[in-house]
> 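Once you've had a glance at the structure underneath, I'll fire off some questions.
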Amino acid sequence: MSKNKPVVVVGLMGSGKSTAGRLIADSLGLPFSDSDPFLEARYGGTAAQLAARDGADTLHRYEAEHVLHELAGEPQVIAAAASTVEDPRVRAAMDKAFVLWVDASDEVLVQRMKSSDHRPDFDPAAMRARRDPYFREVADLRCDVGAMRPEQVRDAALREMGLPVEDPR
């Protein structure tokens with residue numbers, strides 16, 4: 001694998017997609033694209049605002065457009081909204097990328113989301129039931145972020161991609 005292949009980070013809310021994605025992008029010297037800034041720039045609102053304004057189905061279409069748009073361009077690291085794996089076009093487009101699934105127990109995800117106003121009614125069990133089969137389908141590597149620090153996730157992804165990992169000493 002080379003640094004010229006896009007990387008897509010998937011997982012449920014609170015799993016640390018943005019954190020892991022930024023670390024990987026920095027290590028690879030690639031740009032980083034996160035769905036939240038993309039949505040604000042292109043559609044004029046946060047995910048929560050767009051869901052309230054346009055409905056969840058429209059928000060999910062916008063989130064899928066983010067991944068499809070970024071995968072059509074130069075290689076980069078993309079933090080994909082969890083909903084995107086439900087779109088068959090996105091799953092097919094991910095074939096050309098290295099896909100990292102960041103995951104944790106429902107308890108860990110609920111704890112992480114308590115401080116967020118992004119989704120106050122977040123129910124990881126319901127989301128997991130819908131999306132885990134798709135995460136399994138597309139993922140090249142799954143990391144348990146409840147047990148791994150972000151730097152360990154980055155290093156595991158780099159190793160899986162066949163790239164050198166810097167010695168922290």
Side-chain angles (χ1 to χ4, degrees), residues 6-26 30-73 76-94 97-139 142-151 153-154 157:
V7 176
V8 180
V9 184
V10 298
L12 295 175
M13 275 191 291
S15 60
K17 296 180 295 285
S18 298
T19 300
R22 279 189 194 93
L23 288 171
I24 293 166
D26 288 347
L30 291 174
F32 174 70
S33 180
D34 196 338
S35 63
D36 293 331
F38 179 91
L39 292 173
E40 289 198 40
R42 184 166 278 195
Y43 301 108
T46 64
Q49 291 166 337
L50 294 170
R53 184 185 80 197
D54 302 334
D57 289 343
T58 300
L59 167 64
H60 294 165
R61 191 176 74 246
Y62 293 163
E63 290 171 333
E65 286 173 15
H66 164 244
V67 177
L68 293 169
H69 176 268
E70 301 298 23
L71 284 173
Q76 62 185 302
V77 179
I78 304 160
S83 68
T84 61
V85 297
E86 293 183 45
D87 187 318
R89 299 169 307 147
V90 173
R91 292 194 310 275
M94 286 182 185
F98 175 83
V99 181
L100 169 64
W101 175 16
V102 288
D103 194 18
S105 69
D106 291 351
E107 296 76 26
V108 167
L109 297 177
V110 166
Q111 267 313 111
R112 288 179 171 196
M113 292 305 292
K114 277 187 178 178
S115 63
S116 171
D117 59 1
H118 187 68
R119 191 64 114 19
D121 58 344
F122 178 57
D123 178 3
M127 293 295 101
R128 184 177 306 286
R130 281 178 44 193
R131 296 178 177 151
D132 268 14
Y134 299 123
F135 291 144
R136 281 186 198 23
E137 176 185 328
V138 299
R142 178 186 172 272
C143 289
D144 180 350
V145 297
M148 298 171 77
R149 293 187 325 276
E151 296 78 14
V153 171
R154 174 204 57 211

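A quick note: this is a predicted structure, and the numbers were derived from the prediction, not measured. What you see below is based on every heavy atom in this structure, not just the backbone, and it leaves out hydrogens, waters and symmetry mates. Numbering starts at 1 and runs along the sequence shown.
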> Working to the nearest 0.5 angstrom, can you tell me the gap between D87 CG and Y134 OH?
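Answer rounded to 0.5 Å: 10.0 Å.
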> Return each pair, listed once, that meets salt bridge (charged side-chain N to carboxylate O under 4.0 Å, His left out) where at least one residue sits in residues 42-58; pairs must be two or more places apart or across chains.
none
> Could you check if a side-chain atom of S15 sits within less than 4.5 angstrom of a side-chain atom of L109, using non-hydrogen atoms only?
yes
> Anything under 30° is parallel, anything over 60° is perpendicular, the rest tilted; go ahead and classify F38 against Y43.
perpendicular
> Got a second to check how far E86's CD is from M127's CE, nearest 0.5 Å?
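Reported to 0.5 Å precision, the distance equals 7.5 Å.
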> What I'd like to find out is whether the side chain of V90 reaches to under 4.5 Å of the side chain of L71, using heavy atoms alone.
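No, every pair of side-chain atoms sits at 4.5 Å or beyond.
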> Contact between L23 and V153 at the side-chain level, heavy atoms closer than 4.5 Å - yes or no?
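Of all side-chain heavy-atom pairs linking V153 with L23, none is under 4.5 Å.
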> How long is the straight-line distance from OH of Y62 back to OG of S35, given to the nearest 0.5 Å?
14.5 Å
> Do the side chains of P133 and E137 get nearer than 4.5 Å, heavy atoms only?
no
> Do the side-chain N and O atoms of S83 and E63 include a donor-acceptor pair separated by under 3.5 angstrom?
yes
> How long is the gap from CZ on R91 to OG1 on T84, to the nearest 0.5 Å?
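Atom-to-atom, R91:CZ and T84:OG1 are 10.0 Å apart.
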> Working to the nearest 0.5 angstrom, can you tell me the gap between E40 CD and D34 CG?
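Nearest 0.5 Å value for the CD-CG distance: 10.0 Å.
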> Take V145 and V108 through the side-chain contact (heavy atoms from CB on, under 4.5 Å) test and state the conclusion after the steps.
CA-CA 9 Å; V145 297; V108 167; 5.6 Å; no
> Is any side-chain heavy atom of I78 closer than 4.5 Å to a side-chain heavy atom of Q76?
yes
> Is any side-chain heavy atom of T46 closer than 4.5 Å to a side-chain heavy atom of D36?
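Side chain of T46 against side chain of D36, heavy atoms only: no contact under 4.5 Å found.
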> Nearest heavy-atom pair of A104 and G146: which atoms, and what distance?
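For A104 versus G146, the nearest heavy atoms are CB-N, 3.8 Å.
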> Closest approach of V8 and A80, non-hydrogen atoms and distance?
CG1-CB, 3.8 Å
> Quick one: pull up CZ in R22 and CZ in R154 and give me the separation to the nearest 0.5 Å.
14.5 Å
> Might you point out which heavy atoms bring A157 and I24 nearest each other, and give the distance in Å?
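Looking at all heavy atoms of both residues, the closest pair is CB-CD1, 3.9 Å.
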> Could you go through the side-chain contact (heavy atoms from CB on, under 4.5 Å) check for C143 and L100 one step at a time?
CA-CA 8 Å; C143 289; L100 169 64; 3.8 Å; yes
> Between A139 and W101, which heavy-atom pair has the shortest distance, and what is it?
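Result for this residue pair: CB-CB, 3.7 Å.
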> Salt bridge check, R136 against D132: does any charged N sit closer than 4.0 Å to a carboxylate O?
yes
> Taking all atoms of both residues into account, what is the closest heavy-atom pair of F32 and A79, and its distance?
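Closest approach of F32 to A79: CZ-CB, 3.8 Å.
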> Evaluate the side-chain proximity of L12 to R128: yes if any heavy-atom separation is below 4.5 Å, no if none is.
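Sidechains of L12 and R128: in contact.
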> Distance-only, no hydrogens or angles: does the K17 side chain make a donor-acceptor pair with backbone N or O of V10 under 3.5 Å?
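No: the side chain of K17 does not pair with the backbone of V10.
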> Contact between S33 and H66 at the side-chain level, heavy atoms closer than 4.5 Å - yes or no?
yes
